[in-house]
Amino acid sequence: MLNKTKLLLGAAAGLALIAGTQLSGVVTAMAQDAAGPFTQDQANAGRMAYNDNCALCHQADLSGATDAPPLAGSAFFGAWKDRSTEALYSKIHATMPAGRGGSLDEATYTSIVAYILHANGAKAGNAAFTPTSDVAIGSIATGKLADDVLHPPKVAQAAPAGQQGNPNVVSSAGFAQPGQTVKYPDPGRFRLPTKLGLLVKGDIQNYVPVTDAMLRNPPDSDWLMFRRNYQGWSYSPLKQIDTQNVSKLQLKWMWSMPENGTMEDTPIVHDGIMFMWGVANTIQALDAKTGELLWENRLGPAPTAMGPGPSSVETRSMGLYENNLYVAAPEGWLYALDARTGEEVWKTKLNPKENVARTTGGVIIINGKVLVGMTGCGRPKSGDHCYISAYDAKTGARDWKFTTVALTGQPGGDSWGGKPDDERMGAETWIAGTYDPELNTTYWGTAQAKPWRRDLRGTGDGANDYANSTLALDPDTGKMKWWHNHAPGESLDLDEVFERVLVDHDDQKYLLTIGKPGILWKLDRVTGKYLGHAETVYQNVFSSIDPKTGTPTYRKDIQSQKVDEWLSSCPGPEGGHDWQSTSYHKPSDTLIIPLSQSCVFMLGNGSQTYFEMPGSDGNMGRLSAYRTSDLKPLWSFQQRAPFLTGVVSTAGNVAFVGDFDRVFRAIDVRNGKTLWKTRLGTTVQGYPVSFSVDGKQYIAVTTALGGGSPQLKPGTMLTEVHRPATGYAVFVFGLPDEP
């Protein structure tokens, strides 16, 4: 085991070396009104290059979102004002675009840096920017947004050469409509044009409508929703595949999926039909036994950038109800498709304003209503807060919405330090909720307030309710029953937004959840009262946790943080636990949790230097089991590569999980020992499921890229792991056919 002190000292020494290197040779004598080391032509070209390669993650106004830090304004300037333009170029060249660092040419990188400097108030000069231009950013820029960033000019998008005036062809910058073909600019990588719309119409006969009773008690053979049941167990009662025969598993079929984006999919299976979500909202129905395509509807819009995108451009699960399949598309549209044909029944926009609100967590369907959360919302002074909303499953009409930040006059509204309501941002819902039919209560997790650093947020030491909380809502009205704030005043991008698992012990009703700090929380789900917790990974963020209330206290240097000072955080923003869901194995009362073990030094809202967690021996992936009745740890399994799927467990005492390094494995839920494994084409990512057709049990899992922090952060350390940029697919495994 590594010595914790040595590891931390080594990381600190490395950090000092990095900081020294970045500041070496910086020219600090220039006045802020001096011309920057770039030309206006470079800044103009940089605007277009930024829009093509950066805006999808960092936003068109450079304000940042989720894992992508702001590249302009006070947060960026606070972190970079004392650093050099050369360091900024090196950082961007090495890491951007996400997952494809170094893939652009030098002229593109230099122009992007020029545009970022321009956006931060630097003036163009006569000398062109080069990779070695070495000037202190604070000596030429002000950190105040340039007027053309605040009020961007409207530029007409030209049609591709030879296609002017053709209404059936649009550029990738626009939103294609069904029947139109999308033409992409050449990104240095070949790509075929894509036609959107219903490409293959289905004719599924004898389809069995999904009822409320089926959602409450799913057939053993089906996987009807995210994590299979309302309680969020990710557990299958099937037991044909067990600890004795799992080593005989073999591939039955695979189906390639659309690429160039992010995919963290849950295969939805009903009555022998598998429904899949793919990049660009490509919805497909497959024969779950053979992999034969039954119908396909490419809802679009098509991706505007090549390669894996940010974690906010995928949907994690769809839902079934009656004869419809429900899709919460990442761009903020909610669709109902006919599950038999793939035809659109209705669609509605979560927020009628264009380019406002996204969704990634999928849906949950309760009492004839489709419930969905939001991300990417709540821009300052826009009044566009995040909310959870419900829609009539038959018509798409909105029934109610619940705003996920506490506003003035509401319970918890005084926890924002008097900040105006239109500046209370964040509290996104990255994961669909769970539901207790007996209590008629749905439970949702929320992310942190924005900006996520308290020194930039302007709310003082306020708790920022309802951010980083468990929310208990009435699904019929949207009224809040209670909330519990797990991390009041969160400040290190360690949100508590992930799955809520509902477990009963006799007459006790519990809720268990775990977020990025790696704390496994246990609440009374009737009242929201804190009942206990377990620390699953090493953490140095909280100095203490109140044993009665569960309220954590942050380290003093976190409470008094300054944007230009480095802070350590264990875990880092990769998260001790992230979107990869737990599994509750009911027969043994075991919660199996995929964990990650990495830490970070971070500066302001920008630079981050990652290092391996103390005590991990370099193992960033960890799978741990806890008994839910008393939160006692049962076993733990570690490996170098982090796990990039959720866990699914079965009544056969087998659980399945996949990882960053392309390995998909089966483990014994009783001791964590590996019973079977195989290596697939690229990262095994998404949510594995189990189902049966004609009495035979199968295991399905997807491979893909993207995945946000759990992919990007460890990727900075796993330099020995090589993964193809292609290979998105769904794989289905089963036992050999009997002779």
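Being a predicted model, the structure only gives us computed values, none of them experimental.
When side chains are defined from C-beta on, Pro517 counts as touching Glu496, because their heavy atoms get closer than 4.5 Å. Residues Arg316 and Ile431 meet the side-chain proximity criterion, which asks for heavy atoms closer than 4.5 Å. Side chains of Cys386 and Thr403 form no contact here, defined as non-hydrogen atoms less than 4.5 Å apart. Proximity of Val405 to Trp416: side-chain heavy atoms (C-beta onward) are separated by under 4.5 Å at one or more points. Using a 4.5 Å heavy-atom threshold, the side chains of Leu456 and Val563 count as touching. Side-chain contact between Ser568 and Asn540 is present, with heavy atoms from C-beta onward closer than 4.5 Å. Ser709 places a side-chain heavy atom less than 4.5 Å from the side chain of Lys516. At a threshold of 4.5 Å between non-hydrogen side-chain atoms, the residues Asp495 and Glu490 do not count as touching.
For the atom pair Phe129 CZ and Glu106 CD, the distance stands at 10.0 Å (nearest 0.5 Å). In this structure, OG in Ser596 is found 12.5 Å from NZ in Lys713, a value given to the nearest 0.5 Å. To the nearest 0.5 Å, atom NZ of residue Lys91 and atom CE of residue Met96 are 7.5 Å apart. Interatomic distance, Thr609 OG1 to Met717 CE, rounded to the nearest 0.5 Å: 10.5 Å. A distance of 12.0 Å separates CG in Asn281 from CH2 in Trp333, rounded to the nearest 0.5 Å. One distance of note links CD of Glu565 with CG of Asp557; it measures 8.5 Å at 0.5 Å rounding.
Looking only at distances, no side-chain donor or acceptor of Glu423 sits under 3.5 Å from a matching main-chain atom of Pro420. Using modelled atom types, one side-chain atom of Gln685 and one backbone atom of Leu705 make a donor-acceptor pair closer than 3.5 Å. No donor-acceptor pair under 3.5 Å is formed between the side chain of Ser569 and the backbone N or O of Leu492. The main-chain N or O of Glu86 is found under 3.5 Å from a side-chain atom of Ser90 such that the two form a donor-acceptor pair. Ser111 places no side-chain N or O within donor-acceptor distance of the main-chain N or O of Ala43, the cut-off being under 3.5 Å. Checking side-chain atoms of Thr375 against main-chain N and O of Trp430 turns up no donor-acceptor pair under 3.5 Å. Put simply, the side chain of Ser415 never gets that close to the backbone of Ala463: no donor and acceptor are under 3.5 Å apart. Distance alone, capped at 3.5 Å, places no donor-acceptor pair between the Arg454 side chain and the Asp461 backbone. Using a distance-only test at 3.5 Å, with no hydrogens or angles considered, a donor-acceptor pair links the side chain of Asp61 to the main chain of Ser63. Side-chain N or O atoms of Thr85 include one that pairs as donor or acceptor with a backbone N or O of Val135 at under 3.5 Å.
For the residue pair Phe77 and Ile137, the shortest heavy atom distance occurs at CE1-O, 4.3 Å. Scanning both residues, Tyr89 and Thr110, for their nearest heavy atoms gives CE1-CG2, 3.6 Å. Smallest separation of non-hydrogen atoms from Gly121 and Thr142: CA-OG1, 3.9 Å. The shortest heavy-atom contact between Leu644 and Gln711 is CD1-CG, 3.8 Å. Minimum heavy-atom separation, Tyr610 to Cys599: CD2-O, 3.2 Å. Of all heavy-atom pairs spanning Ile558 and Val541, the tightest one is CD1-O, 3.7 Å.
Residues meeting the side chain to side chain donor-acceptor pair (under 3.5 Å) test with Asp41, sequence neighbours left out: none. Annotation: side chain to side chain donor-acceptor pair (under 3.5 Å) contacts of Thr459 (sequence neighbours excluded): Arg457, Asn464. In this structure, Cys54 has no disulfide (SG to SG under 2.5 Å) partners at least two apart in sequence or on a different chain.
With a 6.0 Å radius and a threshold of 12 heavy atoms from other residues, nucleotides or ligands, Asp105 has its CG atom above the threshold.
Note on Glu428 versus Arg358: no salt bridge recorded, every NZ/NE/NH1/NH2 to OD/OE distance being 4.0 Å or above. In this structure, Lys562 does not pair ionically with Asp455, as no charged nitrogen and carboxylate oxygen lie closer than 4.0 Å. In summary, Arg640 and Glu612 engage in a salt bridge, as defined by a charged side-chain N under 4.0 Å from a carboxylate O. Salt-bridge formation is not detected for the pair Glu331/Lys349: no Lys NZ or Arg NE/NH1/NH2 atom is positioned less than 4.0 Å from an Asp or Glu carboxylate oxygen. A salt bridge does not link Arg723 with Asp661: none of the charged nitrogens is closer than 4.0 Å to a carboxylate oxygen.
By the 30° and 60° cut-offs, the orientation of the rings of His93 relative to Tyr109 is tilted. Taking the six-membered ring where the residue is Trp, Tyr50 and Tyr115 present tilted rings, their angle falling between 30° and 60°.
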- Using the side-chain hydrogen bond (donor to acceptor under 3.5 Å, both in side chains) rule, take Ser598 and Glu574 through it: C-alpha gap first, then chi angles, then the decisive distance, then the call. CA-CA 7 Å; Ser598 69; Glu574 178 195 354; 2.4 Å; yes
- Run the side chain to side chain contact (heavy atoms under 4.5 Å, CB included) check on Leu196 and Leu299 step by step: do they pass? CA-CA 6 Å; Leu196 302 179; Leu299 302 175; over 6 Å; no
- Message: Quick one, Val600 with Phe611, criterion side chain to side chain contact (heavy atoms under 4.5 Å, CB included). Give me CA distance, side-chain angles, the key distance, then yes/no.
- Response: CA-CA 6 Å; Val600 71; Phe611 59 96; 5.7 Å; no
- Message: Checking Gln608 against Phe601 for the side chain to side chain contact (heavy atoms under 4.5 Å, CB included) test, could you report, in this order, the C-alpha distance in whole Å, the side-chain angles of both residues, the deciding distance, and whether it holds?
- Response: CA-CA 6 Å; Gln608 298 179 0; Phe601 283 105; over 6 Å; no
- So Ile92 and Ile116, side chain to side chain contact (heavy atoms under 4.5 Å, CB included) or not? Walk me through it. CA-CA 11 Å; Ile92 292 173; Ile116 292 173; 3.6 Å; yes
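When only modelled atom types and interatomic distance are considered, Thr130 and Ser133 share a side-chain donor-acceptor pair under 3.5 Å. Between the side chains of Gln561 and Ser491, a donor-acceptor pair is found at a separation under 3.5 Å. Side chains of Asp148 and His118: a donor-acceptor N/O pair is present below 3.5 angstrom, by distance only.
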